[in-house]
Enquirer: 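One structure, pasted below without further comment.
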Amino acid sequence: MKILKTIILSLLLVPYNIYAACIGSSPSLTASSANYADVLDCVNASNSGDTVNIPAGSATWGASLQITKGITIKGSGAGSTTITSNLADQSNGLISYKPDESARKADALFRVTGITFDLNNMANGCHAIYLYNNSATPVTKTRIDHNEFRNSLGGTGTKRMIYVMGAIYGVADNNTFNQCNHCVDGEGAGSTTEWANLTVSYGSANNFYVEDNTFTNNNVTYGPVFMAGGHGGRYAARYNTFSVTGKSYNVMPLFDMHGNQTAGYGMMINELYGNVWSIVPINNSNYIIDQRGSRVMAFFNKLETNTNTTGHYFRLREEYADSNSTAPSGNPGTYLMHVTDTYYWNNRHTTYSNYLISASIAANDECCGANAGYGQDSACCYNGGGTKGIAMNIDAFTQGASFNATSGVGCGTLANRPATCSKGVGYWATNQSCSDLTGMVGKNPTTPISGTLFICGATGWADGSTYTPYAYPHPLRNPKPPVNVHATAEAM
């Protein structure tokens, strides 16, 4: 009898897993299969900081996996674990991360890795991964890596592969995106929340970084092809390879930044550098970046096409009247939805004699062009200098054929920086080449971009500001792999 009591007592002390389809216990749990119900069992059984493993296999999900805590969802590898969508829900993803208050305070890592997501080209389908935080408290540890995303075209509505809404910071790295429109979008969850409470600063950890990914589209009928955003959103795209094939028109822009809108606020900040844009074929009417507002740093990007044309450009324009949705005063303040504090330099069309691509104000600007088709008028024109419209060398600065520090952006060694300068002018000080982008662009560059942008102040360089790119690879990708161990090894 004493032995029997001891056995019963021992069994009572063993944790009982009420989730039968989930194997293991904290901190590592494994779903019995890739089926939705089995994975949900493990998510329900998990604690913050745990890993939920999904075994190899394929499954079709008709519901959204809702997650409120910082955990890792880990497949057996892209191509081995495949989740196909049968979910018609534009307000959710196959995986939806909506951190609750305790998760925001803990700020534990949320990660999705090693899975193929197939959105099945559904009409009114869902997103693949939906990240949502309508709070002034940012979630800073989010990583989406080593996944494959495919087939978000067809039907109506916009299905994002990664949809970031609100203050979700972190990185998407080493993913493959195939056949998608709005592949990655950055938007605000509550517009006023972002504009009234969150910071606007270049080179900061307070951003969502998209790095070392491959994007491929060959059947896109309209743009923006790859990335877009608005309503207080932000993103930084760096060291990616973007490829468009099979279309010769109507596929632009590759990147879209919303400005002042009737239904919400514009984007807050964007950075684009070290990317390769391979576009075959293409015609002269297309453009790469459509900056309708916001702050933008775009530099050291490489354009490849199968034509020697100069018809590729970065378009700057304004959209709607300030009175439609003026940003709340406070931090960062009013009017910053307009094009402002914007710099373009050393972006090269390598097919066309290494042609330097400059940004330009759109000739058919909806505001100051008074384009009646858009219902615009001069009320929406603004540039901070008291005149109508966007003004180069007040709101935006772009590199030209020559530089004397009275306008635009220069590039060279710090020793060659001109001694005097005009307010707002930029100078990229670097020991790297200012014309040859070899090794500095595309996925996993051998020599990442290095330098500092000096921005001239009211009296010169000394009282101006500086910008340096954020740490690369993103710190959430640590630990870093050994260096020079194998020539084909990728970063973690």
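Numbering of residues begins at 1 and proceeds along the displayed sequence. Heavy atoms only: backbone and side chains are in, while hydrogens, waters and symmetry mates are out.
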Enquirer: Do the side chains of Tyr163 and Glu187 get nearer than 4.5 Å, heavy atoms only?
Expert: yes
Enquirer: Please give me the minimum heavy-atom distance between Ala189 and Tyr132, naming the atom from each residue.
Expert: CB-CE1, 3.7 Å
Enquirer: When you compare the side chain of Gln179 with that of Asn217, does any pair of heavy atoms fall below 4.5 Å?
Expert: yes
Enquirer: For Glu211, which residues count as a salt bridge (Lys or Arg N to Asp or Glu O under 4.0 Å) partner, sequence neighbours excluded?
Expert: Arg238, Arg477
Enquirer: Kindly indicate whether the side chain of Val276, heavy atoms from C-beta on, has any atom under 4.5 Å from the side chain of Glu304.
Expert: yes
Enquirer: With side chains defined as the heavy atoms from C-beta onward, is the minimum distance between Phe299 and Trp428 less than 4.5 Å?
Expert: yes
Enquirer: Excluding sequence neighbours, so at least two apart, what forms ring-ring contact (aromatic ring centres under 6.0 Å, His included) with Phe177?
Expert: Phe149, Phe215
Enquirer: Show the numbers, then the answer: is there a side chain to side chain donor-acceptor pair (under 3.5 Å) between Ser28 and Asn53?
Expert: CA-CA 7 Å; Ser28 181; Asn53 298 286; 3.2 Å; yes
Enquirer: For Thr466 and Thr452, work out which heavy atoms get closest and say how close.
Expert: CB-CG2, 3.9 Å
Enquirer: What's the separation between atom OG1 in Thr350 and atom NZ in Lys302, rounded to the nearest 0.5 Å?
Expert: 4.5 Å
Enquirer: Does the Thr68 side chain pair with the main chain of Asp100, one donor and one acceptor, at a distance under 3.5 Å?
Expert: no
Enquirer: With a 4.5 Å cut-off on side-chain heavy atoms, are Leu94 and Phe117 touching?
Expert: yes
Enquirer: Going from CD1 on Ile289 to CG on Asn301, what distance comes out if it is rounded to the nearest 0.5 angstrom?
Expert: 6.5 Å
Enquirer: Short question: side chain of Asn133, backbone of Ala167 - any donor-acceptor pair under 3.5 Å?
Expert: yes
Enquirer: Measure from the side-chain N and O atoms of Thr72 to the backbone N and O of Lys74, and report whether any donor-acceptor pair falls under 3.5 Å.
Expert: no
Enquirer: Could you give the distance from CD1 (Ile162) to CG (Asp185), rounded to the nearest 0.5 Å?
Expert: 10.5 Å
Enquirer: Judged by atom type as modelled, is there a donor-acceptor pair below 3.5 Å linking the side chain of Thr430 to the main-chain atoms of Ser450?
Expert: yes
Enquirer: Answer with yes or no whether the side chains of Gln291 and Thr342 bring together a donor and an acceptor at under 3.5 Å.
Expert: yes
Enquirer: How close do Phe454 and Ala429 get, heavy atom to heavy atom, and via which atoms?
Expert: CE1-CB, 3.7 Å
Enquirer: Can you list everything that forms a side-chain contact (heavy atoms from CB on, under 4.5 Å) with Lys141? Sequence neighbours excluded, please.
Expert: Asp107, Leu109, Leu476
Enquirer: If you compare all heavy atoms of Asp256 against all heavy atoms of Pro253, which two are closest, and at what distance to 0.1 Å?
Expert: CB-CG, 4.2 Å
Enquirer: Not counting sequence neighbours, which residues clear salt bridge (Lys or Arg N to Asp or Glu O under 4.0 Å) with Asp290? List them please.
Expert: Arg292, Arg315, Arg317
Enquirer: Going by an N to O cut-off under 4.0 Å, is there a salt bridge joining Asp173 and Arg143?
Expert: yes
Enquirer: Walk me through whether His127 and Thr158 qualify under side-chain contact (heavy atoms from CB on, under 4.5 Å).
Expert: CA-CA 8 Å; His127 314 294; Thr158 300; 6.0 Å; no
Enquirer: Would you find a donor on one side and an acceptor on the other, under 3.5 Å apart, between the side chain of His146 and the backbone of Gly114?
Expert: no
Enquirer: Sub-3.5 Å donor-acceptor pair from the side chain of Thr51 to the main-chain atoms of Ile73, do we have one?
Expert: no
Enquirer: For the CD1 atom of Ile394 and the NZ atom of Lys423, what is their distance to the nearest 0.5 Å?
Expert: 10.0 Å
Enquirer: Can you name the closest pair of heavy atoms from Ala298 and Asn347 and give their distance?
Expert: O-ND2, 3.1 Å
Enquirer: Taking side chain to side chain donor-acceptor pair (under 3.5 Å) as the definition, give me every residue that meets it alongside Asn346, ordered by chain and number, with sequence neighbours left out.
Expert: Arg348
Enquirer: Got a sec, which residues hit ring-ring contact (aromatic ring centres under 6.0 Å, His included) with Tyr344, two or more places apart in sequence or on another chain?
Expert: Phe314
Enquirer: Applying side-chain contact (heavy atoms from CB on, under 4.5 Å) to Leu131 and Thr142, what does each step give before you reach the verdict?
Expert: CA-CA 9 Å; Leu131 308 172; Thr142 305; 3.9 Å; yes
Enquirer: Do Asp145 and Thr113 get their side chains close enough for a donor-acceptor pair, meaning under 3.5 Å?
Expert: yes
Enquirer: Val210 and side chain to side chain contact (heavy atoms under 4.5 Å, CB included): which single residue from Asn275, Val184, Val171 fits?
Expert: Val184
Enquirer: Check the pair Met268 / Glu194 against side-chain contact (heavy atoms from CB on, under 4.5 Å), numbers first and verdict last.
Expert: CA-CA 8 Å; Met268 294 182 73; Glu194 284 77 26; 3.8 Å; yes
Enquirer: Checking Ser407 now: which residues fulfil side-chain contact (heavy atoms from CB on, under 4.5 Å) with it, not counting sequence neighbours?
Expert: Asn393
Enquirer: Applying ring pair (Phe, Tyr, Trp, His ring centres under 6.0 Å) to Phe300 and Tyr273, what does each step give before you reach the verdict?
Expert: CA-CA 5 Å; Phe300 280 70; Tyr273 55 91; 9.2 Å; no
Enquirer: We want to know whether Asp212 and Asn174 form a side-chain donor-acceptor pair, criterion being a heavy-atom distance below 3.5 angstrom.
Expert: no
Enquirer: Once salt bridge (Lys or Arg N to Asp or Glu O under 4.0 Å) is applied, do any residues pair with Arg234, and if so which ones, sequence neighbours excluded?
Expert: none
Enquirer: Looking at the rings of Tyr239 and Tyr472, which for Trp means the six-membered one, are their centres under 6.0 Å apart?
Expert: yes
Enquirer: How would you list, by chain and number, every residue that makes a side-chain contact (heavy atoms from CB on, under 4.5 Å) with Thr116, sequence neighbours excluded?
Expert: Ala78, Thr82, Glu148, Arg150
Enquirer: Sequence neighbours left out, what passes side-chain contact (heavy atoms from CB on, under 4.5 Å) with Thr214? Give chain and number order.
Expert: Thr216, Lys443
Enquirer: Are the aromatic rings of Phe226 and Phe242 close, with centres under 6.0 Å apart?
Expert: yes
Enquirer: Could you check if a side-chain atom of Pro138 sits within less than 4.5 angstrom of a side-chain atom of Leu198, using non-hydrogen atoms only?
Expert: yes
Enquirer: Could you walk me through whether Leu272 and Met297 pass the side-chain contact (heavy atoms from CB on, under 4.5 Å) check?
Expert: CA-CA 6 Å; Leu272 303 170; Met297 288 271 187; over 6 Å; no
Enquirer: How far apart are the C-alpha atoms of Tyr235 and Phe208, what are their side-chain angles, what is the distance that settles it, and do they pass the ring pair (Phe, Tyr, Trp, His ring centres under 6.0 Å) test?
Expert: CA-CA 5 Å; Tyr235 60 71; Phe208 191 81; 9.4 Å; no
Enquirer: So which pairs with a foot in residues 413-422 pass side-chain hydrogen bond (donor to acceptor under 3.5 Å, both in side chains), sequence neighbours left out?
Expert: Thr413-Asn416
Enquirer: Between the side chains of Thr459 and Asp463, is a donor N or O closer than 3.5 angstrom to an acceptor N or O?
Expert: yes
Enquirer: Would you indicate whether the side-chain heavy atoms of Phe110 and Ile95 approach each other to under 4.5 Å?
Expert: yes
Enquirer: Is there side-chain contact between Tyr169 and Val139, with heavy atoms separated by less than 4.5 Å?
Expert: no
Enquirer: With sequence neighbours excluded, tell me which residues meet ring-ring contact (aromatic ring centres under 6.0 Å, His included) with Tyr209.
Expert: Tyr470, His474
Enquirer: Taking all atoms of both residues into account, what is the closest heavy-atom pair of Ala237 and Phe255, and its distance?
Expert: CB-CE2, 4.4 Å
